[in-house]
Amino acid sequence: MKKKKMEITAVAFSMAFRHSSISASASITEPPTPTPPSPSQTKKSIKFVNSKPFSARKSAKLQLHRASDLNSVLSKVGKTLTVKELNSTLHHFGNSNKFNHISQLFLWMQENKKLDVYSYSNYIKFMANKLDASTVLKLYNNIQDESAKDNVYVCNSVLSCLIKKGKFDTAIKLFHQMKQDGLVPDLVTYSMLIAGCVKVKDGYSKALQLIQELQDNKLRMDNVIYGAILAVCASNGKWEEAEHYFNGMKNEGHSPNVYHYSSLLNAYSASGNFKKADSLIQDMKSEGLVPNKVILTTLLKVYVRGGLLEKSRELLTKLESLSYAEDEMPYCVLMDGLAKAGQVHEAKIVFDEMMKKHVRSDGYAHSIMISAFCRAKLFEEAKQLAKNFQTTFNKYDVVIMNSMLCAFCRAGEMESVMETLRKMDELAISPDYNTFNILIKYFCRQNMYLLAYQTMEDMHSKGYQPVEELCSSLIYHLGQANAYSEAFSVYNMLKYSKRTIRKTLHEKILHILLAGKLLKDAYVVFKDNATFISGHTTKKFASAFMKLGNINLINDVMKTLHNCGYKIDQDLFEMAVTRYLGQPEKKDLLLHLLQWMPGQGYVVDPSTRNLILKNSHLFGRQLIAEVLSKQRVSLKPKNLTR
DNA sequence: CCCTGTTAAC
């Protein structure tokens, strides 16, 4: 039964991630595709275009703006328009969200070579939500015009688009390449990149590097750069650093605006420092600034984190009266705070109120409550809410998927787990670190260790590093299930990740490898971690290897054991010699061992000696006698020192 | 004419 269940799951599971494993990341160094020169580019036609009466072109532009069949209008009047006019048309379509028109027009402009830097930056800006990162990269790489390629506006809009798509690392890589190709970054480039650090790992130190770089380039931080770095400080919980920048900008003569205040306020929220927050609000008011929706919502976050739940409720009421609570965010802040303070039922009351008031929601509230229920181990409630989400929303992202997966996993709803995975595939939502963690834990709880292992492999191949605890537990269970090489593979994932490993894990995997007779791997583990391996386990490894290990490695293992301070006993030598006697073609290895021994103070004991002599015809009597005689000579002085 | 900064969920 278990086995059957596992197979079904494995199929569904691999199906579920079909999409994500083939999603290729486009190279930023992709060679440009050459396009043949178009006839419209000739000087003659441009001259012709410019000589058209202005009124005719104006009507052509209007025809374009109103066109339903854009391509037919373009083929009629497109060539009469200037690049500037075409750009303004792009703008027009952009402002009215006519994305198909933008694409068609831009394609036509590319094909007819009627475009400039504004066209590129406009296009990318308007299409940022529709294009994916690899399309934008391709577009940029295929720009033939060198002056457009290192144009700061074009570069900024490309980088900005990548960052919006969450491809921060790609953006940074491209940024370095752009600089090499001649881009001179400006303050906008840096503000955008620094702002991009808000949501990335190690964002604060990455932002500092960028600040350093802009200063090295003799650029001076402006209001927006300060806004960006304050946001980075806030999202990394660095309120002291935030205060430093806040005061720094004031000293440089910049007056903070609501963006700066809200970021500093947000920096106080991590530690719930409501005293500093209240006094900041006073400062702000005395500067003549009026707290807006974001400021008050952030203040709510400070109160919630500071544990001032009564005051939080009052502030939410105030937000409602100011019509600042028309979307779910303030409710979410309060619910999450209550839930994290262990008051799930109070959180649910806020949720129900919110539903009763028909507050606009994108599903965050559901996600928060599902997670809150899971945290409180109220899996049935979590599951109900997840199902409720499925029926009322049609907007999914990886976070809500994770919340639902967690709920279904914990409630033991296998069918719903699979359905959610299929949905992720259908919508091409890539699993993230948490998705993998949730699934691996679930599969382990279901005793589906091989599936857990496959999931961890997938996780690892996507660049996510599982924590030691999970690896360690999976290693143990795989070992118990006789899946020795899988256990070793998990060990290696952990070993080559940047995570720390408890020293006892090396010994644990060694036992598993010995049980699986994976002696070569065991040797590698032993060699790399000999100092963490107990005497008992060393002995176990040594005799296992002598008995069944690769004969060509026996001498190496002997030397390693010796070099690690392990005293090799006579039994071990006898086992090695027996192996060599069984394979006379390895006589050189036996002779090598016998020659090595006296130098390290080892002697051949009488019974082994007899064994060798009995078989000396296999090796050459003369040679054996010589080697054994050297043993005897060195025996005495060495023996005294031992 | 084009590019930048603030609030919520695992």
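So that the names make sense, note that chain A is the first sequence line, chain B the second, and so on, each numbered from 1.
Contacts of A:S160 with the nucleic acid, taken as non-hydrogen atoms under 4.0 Å apart, involve only primed sugar atoms and P, OP1 or OP2. Base contact: A:N257 has a heavy atom under 4.0 Å from a base atom. Within the 4.0 angstrom heavy-atom criterion, no nucleotide atom of any strand lies near A:N151. Within 4.0 Å of A:D362, counting heavy atoms only, lies no atom of the nucleic acid at all. Contacts of A:H260 with the nucleic acid, taken as non-hydrogen atoms under 4.0 Å apart, include base atoms.
Between the side chains of A:N122 and A:S119, not a single donor N or O lies within less than 3.5 Å of an accepting N or O. A donor and an acceptor atom, one from each side chain of A:N151 and A:Y118, are nowhere located under 3.5 Å apart.
For A:I349, the side-chain contact (heavy atoms from CB on, under 4.5 Å) criterion is met by A:E353, not counting sequence neighbours.
Among residues at least two apart or in separate chains, there is no side-chain hydrogen bond (donor to acceptor under 3.5 Å, both in side chains) pair with a member in residues 281-298 of chain A.
In summary, the aromatic rings of A:F168 and A:F175 are positioned with their centroids too far apart to meet the 6.0 Å limit.
Of all nucleotides in DNA chain B, those with any atom nearer than 4.0 Å to a heavy atom of chain A start and finish, going 5' to 3', at B:dC1 to B:dC10.
Inter-residue side-chain proximity for A:P330 and A:E320 is flagged as unmet; no heavy-atom pair is nearer than 4.5 Å.
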